[in-house]
Amino acid sequence: MTRLANQDRRQRIALLAGLAIGSIALWQTYWGSIALYPFTILSTWFHEMGHGLVAMAMGGALEYLVIHPDGSGVAYSTRPVALVDIPGALIAAGGPLGPPVAGAGLILASRNRRATRFALYALGSVLLLSTLIWVRSVTGWVVLPALGLAILLIATRAKPPVQTFAAQFLGVQACISAWRQFDYLFSSGGTVGGVSQRSDTSAIAQVLLLPYWFWGVVISLAIAAILYASVSRALR
């Protein structure tokens, strides 16, 4: 029995790893990006909500967020004024690091049937509520509620194995969302809605001095560690 259990665990880890690597690879291609478009918008939502929730935790506020048709997005938030803008650096880091934390929660919840359903209900509900409260773009208004309703349908009607897989798959998508545009973490800036903006790692570097590529490496290692730890524990 132990041998069969270990074999099944390895197969499930391989499947999730394959989905993660496959998604990242597909996002780099034209047809792959079209096939994964709903998950592109979901990854942007994870990212921008990460910024916004950290801003709220720092005593600021999330005013609204915009998701553009090309999959880029921006969260408009306020933060406390400080001589050294540590809150700004933390909010910048919340974009790439917040989603893996949420994704790890989904993956870990998949260990238990009741926790899996609760996690799916929570994600679907937050998608709908955040759209109503904070989203200010047509792309977000169309795609996010559709995803939220689909997740709630899975939580309500799907069989337990499907719910477990959905929680793990969505958790993996959250974890890898920072790598959708793989070079973003290792660049000084990018284009959001046709407007050039500095990258999250560049914003961190401006406060903490070390170069943006260094923070890209740190964040990438942290994401990989979070993903590995959550999948290993969930499938133990």
Side-chain angles (χ1 to χ4, degrees), residues 1-2 4-24 36 38-54 56-57 62 93-135 143-180 222-236:
M1 291 293 291
T2 300
L4 290 174
N6 287 336
Q7 183 179 5
D8 179 63
R9 176 175 178 269
R10 287 194 296 269
Q11 289 175 344
R12 287 185 289 168
I13 290 176
L15 174 60
L16 292 176
L19 288 171
I21 296 170
S23 295
I24 294 170
L36 293 175
F39 297 107
T40 297
I41 302 304
L42 181 63
S43 73
T44 302
W45 176 83
F46 276 126
H47 185 100
E48 303 307 333
M49 286 297 295
H51 287 310
L53 292 176
V54 173
M56 294 168 68
L62 172 57
L97 286 178
V101 174
L106 282 167
I107 293 168
L108 291 173
S110 69
R111 300 177 67 188
N112 177 276
R113 178 179 176 182
R114 182 175 295 181
T116 299
R117 293 189 67 191
F118 176 81
L120 291 172
Y121 275 124
L123 178 58
S125 299
V126 171
L127 276 165
L128 295 176
L129 288 174
S130 66
T131 302
L132 181 65
I133 297 171
W134 290 302
V135 176
V143 179
L144 295 178
L147 287 169
L149 291 173
I151 292 169
L152 289 175
L153 184 63
I154 292 172
T156 304
R157 299 293 181 85
K159 295 181 179 179
V162 176
Q163 294 174 347
T164 298
F165 176 77
Q168 293 174 349
F169 177 75
L170 291 168
V172 168
Q173 292 297 312
C175 288
I176 66 173
S177 61
W179 294 327
R180 177 173 61 85
I223 292 171
I226 291 169
L227 179 59
Y228 176 80
S230 60
V231 169
S232 296
R233 185 169 179 81
L235 300 182
R236 183 172 301 167

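The structure presented is a predicted model; accordingly, all values stated were derived computationally and were not measured.
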**Partner residues of Ser130 under the side-chain contact (heavy atoms from CB on, under 4.5 Å) criterion, sequence neighbours left out** = Trp45, Met49, Trp134

**Request:** Determine the minimum heavy-atom distance between Thr116 and Arg111, stating which atoms define it.
**Result:** OG1-N, 4.5 Å

Side-chain donor-acceptor pairs of residues 143-162 under 3.5 Å, sequence neighbours excluded:
residue, atom, partner, partner atom, Å
Thr156, OG1, Tyr121, OH, 3.3
Thr156, OG1, Leu152, O, 2.8

Just list the side-chain donor-acceptor pairs under 3.5 Å for residues 165-172, sequence neighbours left out, or say none.
residue, atom, partner, partner atom, Å
Gln168, NE2, Ser110, OG, 3.1

**Asked** Any donor-acceptor pair under 3.5 Å linking the side chain of His51 with the backbone of Gly94?
**Response** no

**Prompt:** Which atom names give the shortest non-hydrogen contact between Ala109 and Ala119, and what distance separates them?
**Reply:** CB-CB, 3.8 Å

**Asked** Do Leu123 and Leu106 have side-chain heavy atoms sitting under 4.5 Å apart?
**Response** yes

**Message:** Looking at every heavy atom in both Gln163 and Leu120, which two are closest together, and how far apart are they?
**Reply:** O-CD1, 3.7 Å

**Message:** Testing the basics here: between Ala224 and Trp179, what is the closest heavy-atom pair and its distance to 0.1 Å?
**Reply:** N-CH2, 4.0 Å

**Item:** Nearest atoms (heavy-atom pairs only) where Pro96 meets Ile223
**Value:** O-CD1, 3.7 Å

**Complete:** So CG of Leu127 and CZ of Phe46: to nearest 0.5 Å the spacing works out to 7.0 Å

**Asked** At what distance, to the nearest 0.5 angstrom, does CG of Leu97 lie from CD1 of Ile226?
**Response** 6.0 Å

**Prompt:** Between Gln173 and Ser43, does any side-chain donor sit less than 3.5 Å from a side-chain acceptor?
**Reply:** no

**Prompt:** Backbone N or O of Leu227 within a donor-acceptor pair of the Ser230 side chain at under 3.5 Å?
**Reply:** yes

